[in-house]
Amino acid sequence: MDDPMTGSSSSITSSNLPWVEKYRPVEFDDIVGNRDIVDRLQELVERGNFPNLLLAGPPGIGKTTTILCLCRKMLGSQMKDAVLELNASNDRGIDVVRNKIKMFAQTKVTLPPGKVKVIILDEADSMTETAQQALRRIMELYSKTTRFALACNTSEKIIEPIQSRCAVIRFQKLNDNDITTRIQQICKKESVSYDEEGLKAIIYTAQGDLRQGLNNLQSCHDGLGKVTEANVFRVCDEPHPLTIRKIIDHCIDGNFDEAYKLLQQLWKMGYSPEDIITNVFRITKTHPMSEYHKLEFVKEIGLTHLRIIKGVNSLLQLSALIAELCKKSAKPKK
């Protein structure tokens, strides 16, 4: 069996693996998007050293994958002994910091000159503040032999002392072209039958999250065969954008009755208010309405979304939204 770190092992191409893992990049050149950041990290590794890292950004854009590629490039076959990977959303208490992390930092590993051990903390923003306070001291004590790589969704939840000890790198959401290219490559390798509308639907549901896009693609392919627009929205269980667009069109025309009929139809189909309001916002962003209307619509959608998140998630709340949108579009009486 080939070494899994080379990307050519039978375990990586095994048919029972989720595509997210099967096609996880193993080299810097394979990583999708955020090329400036990836190239900068590659240069750091080639020079033989790097600082503690704090990688922040939305989920599914390659933060953890980038760290793993960095470790693989720097340590090669010694990665197994010299890297500790923890998911801080599970291992987030002070005991884990005192035991697992501190013990690994103290462990002696024979490495070539200039190489260091790496501790990867995924979902680091889930760590308790007490655990973070204990971690900052360990980062200082073992800085000669150990580097920390923290991945999080929001860096604001990481305490300032840790942020100041790290090089903070902010990842951006992947653009649609990057995701499309990657999805097409995987469709070709897996002999996935798809049409252009189906591919656009996958990109729409991914919303810059490649992991989400791949999961949706595999679910649609395994569950329903061909990747078409209807099948994608059926698998993802999201309100169809065309229906949402019609609701917005009716609101622009000031036609409350027709907009309400479609909204009621979505409600009876069992879609959650969060899914409906999120899709209303997505469609409004790209709708070719006037700039004034778009700003007014987004303001009302945001206020309704806030109420829904706070728990007021009834049909009445969504009905009030479309009534307000129709009111914004109504021509002033003379």
Side-chain angles (χ1 to χ4, degrees), residues 7-27 29-35 38 57-66 69 171-249 262 265-266 269-272 274-276 278-288:
S8 57
S9 75
S10 59
S11 64
I12 286 183
T13 55
S14 175
S15 59
N16 61 354
L17 269 179
W19 291 354
V20 170
E21 295 304 325
K22 187 174 178 180
Y23 295 104
R24 184 185 285 275
V26 292
E27 300 288 343
D29 292 341
D30 300 330
I31 295 173
V32 176
N34 292 292
R35 286 315 310 175
V38 173
I61 56 170
K63 300 186 297 295
T64 308
T65 297
T66 302
C69 287
F171 279 63
Q172 302 298 321
K173 273 191 174 183
L174 304 181
N175 63 50
D176 289 351
N177 291 335
D178 286 336
I179 296 179
T180 303
T181 304
R182 188 66 172 161
I183 294 283
Q184 285 174 331
Q185 288 171 354
I186 292 168
C187 285
K188 190 175 179 181
K189 288 179 183 176
E190 294 291 335
S191 303
V192 175
S193 174
Y194 68 93
D195 58 27
E196 286 304 314
E197 294 305 313
L199 191 64
K200 285 179 183 175
I202 291 286
I203 306 306
Y204 175 83
T205 55
Q207 288 294 301
D209 181 340
L210 182 55
R211 182 166 54 212
Q212 182 72 61
L214 276 180
N215 282 330
N216 292 347
L217 179 71
Q218 187 172 11
S219 300
C220 193
H221 173 67
D222 291 345
L224 300 170
K226 188 169 184 179
V227 179
T228 63
E229 186 180 54
N231 285 347
V232 170
F233 287 113
R234 188 175 155 199
V235 165
C236 299
D237 203 27
E238 283 197 20
H240 200 292
L242 285 179
T243 307
I244 300 291
R245 184 175 282 272
K246 284 177 185 174
I247 291 174
I248 293 168
D249 288 340
L262 291 171
Q265 186 182 325
L266 291 176
M269 288 168 76
Y271 291 115
S272 72
E274 287 88 349
D275 284 344
I276 294 172
T278 301
N279 278 277
V280 168
F281 175 64
R282 284 185 198 169
I283 298 297
T284 302
K285 275 196 304 183
T286 56
H287 196 286

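The figures that follow rest on heavy atoms only: side chains count, while hydrogens, waters and symmetry mates do not. In this text, all values refer to a predicted model and were calculated from it rather than measured experimentally.
Residue Pro25 comes nearest to Cys69 through the heavy atom pair O-SG, 3.7 Å, listed as atom of the first residue, atom of the second, then distance. In this structure, Val280 and Thr284 approach most closely via the heavy-atom pair O-OG1, 2.6 Å. The shortest non-hydrogen separation linking Thr205 to Ile202 is OG1-O, 2.9 Å. In terms of heavy-atom proximity, Trp19 sits nearest to Leu214 at O-CD1, 4.2 Å.
Every residue two or more places apart in sequence or in another chain was checked for a side chain to side chain donor-acceptor pair (under 3.5 Å) with Thr278, and none qualifies. For Glu197, the salt bridge (charged side-chain N to carboxylate O under 4.0 Å, His left out) partners are Lys200, not counting sequence neighbours. Residues passing the salt bridge (charged side-chain N to carboxylate O under 4.0 Å, His left out) test with Glu229, sequence neighbours excluded: none. Partners of Leu224 by side chain to side chain contact (heavy atoms under 4.5 Å, CB included), not counting sequence neighbours, listed by chain and number: Asn231, Arg234, Val235. Checked against side chain to side chain donor-acceptor pair (under 3.5 Å), Thr180 has no partners two or more places apart in sequence or in another chain. Under the salt bridge (charged side-chain N to carboxylate O under 4.0 Å, His left out) criterion, Arg35 pairs with Asp39, sequence neighbours left out. Applying the side chain to side chain donor-acceptor pair (under 3.5 Å) rule to Asp275 yields the partners Ser272; only residues at least two apart in sequence or on another chain are considered. With sequence neighbours excluded, no residue forms a side chain to side chain donor-acceptor pair (under 3.5 Å) with Asn215.
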Subject >> Derivation of the side chain to side chain contact (heavy atoms under 4.5 Å, CB included) call for Ile186 and Val192 >> reply: CA-CA 8 Å; Ile186 292 168; Val192 175; 5.9 Å; no
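When each of Val32, Asp30, Ile31, Asp29 is checked for a side-chain contact (heavy atoms from CB on, under 4.5 Å) with Val38, only Ile31 meets the rule.
Taking SG of Cys220 as the start and CD of Gln218 as the end, the distance is 11.5 Å to the nearest 0.5 Å. To the nearest 0.5 Å, atoms CD1 (Ile183) and CG (Leu210) are separated by 6.0 Å.
Using a 4.5 Å cut-off on side-chain heavy atoms (C-beta onward), Tyr194 and Gln184 make contact. Put simply, the side chain of Asn279 reaches to within 4.5 Å of the side chain of Tyr204, judged on heavy atoms. Looking at Asn34 and Leu174, their side chains come closer than 4.5 Å, going by heavy atoms from C-beta outward.
Within the structure, salt bridge (Lys or Arg N to Asp or Glu O under 4.0 Å) pairs that include any residue of residues 208-226 do not occur (at least two apart or interchain). Residue pairs meeting the salt bridge (Lys or Arg N to Asp or Glu O under 4.0 Å) criterion with at least one partner in residues 176-190, sequence neighbours excluded, are Lys22-Glu190.
Checking side-chain atoms of Lys173 against main-chain N and O of Gly60 turns up no donor-acceptor pair under 3.5 Å.
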Name each donor-acceptor pair under 3.5 Å that joins a side chain in residues 239-249 to protein atoms two or more places apart or in another chain, with its distance.
from, atom 1, to, atom 2, distance (Å)
His240, ND1, Leu242, N, 3.1
Asp249, OD1, His287, NE2, 2.6

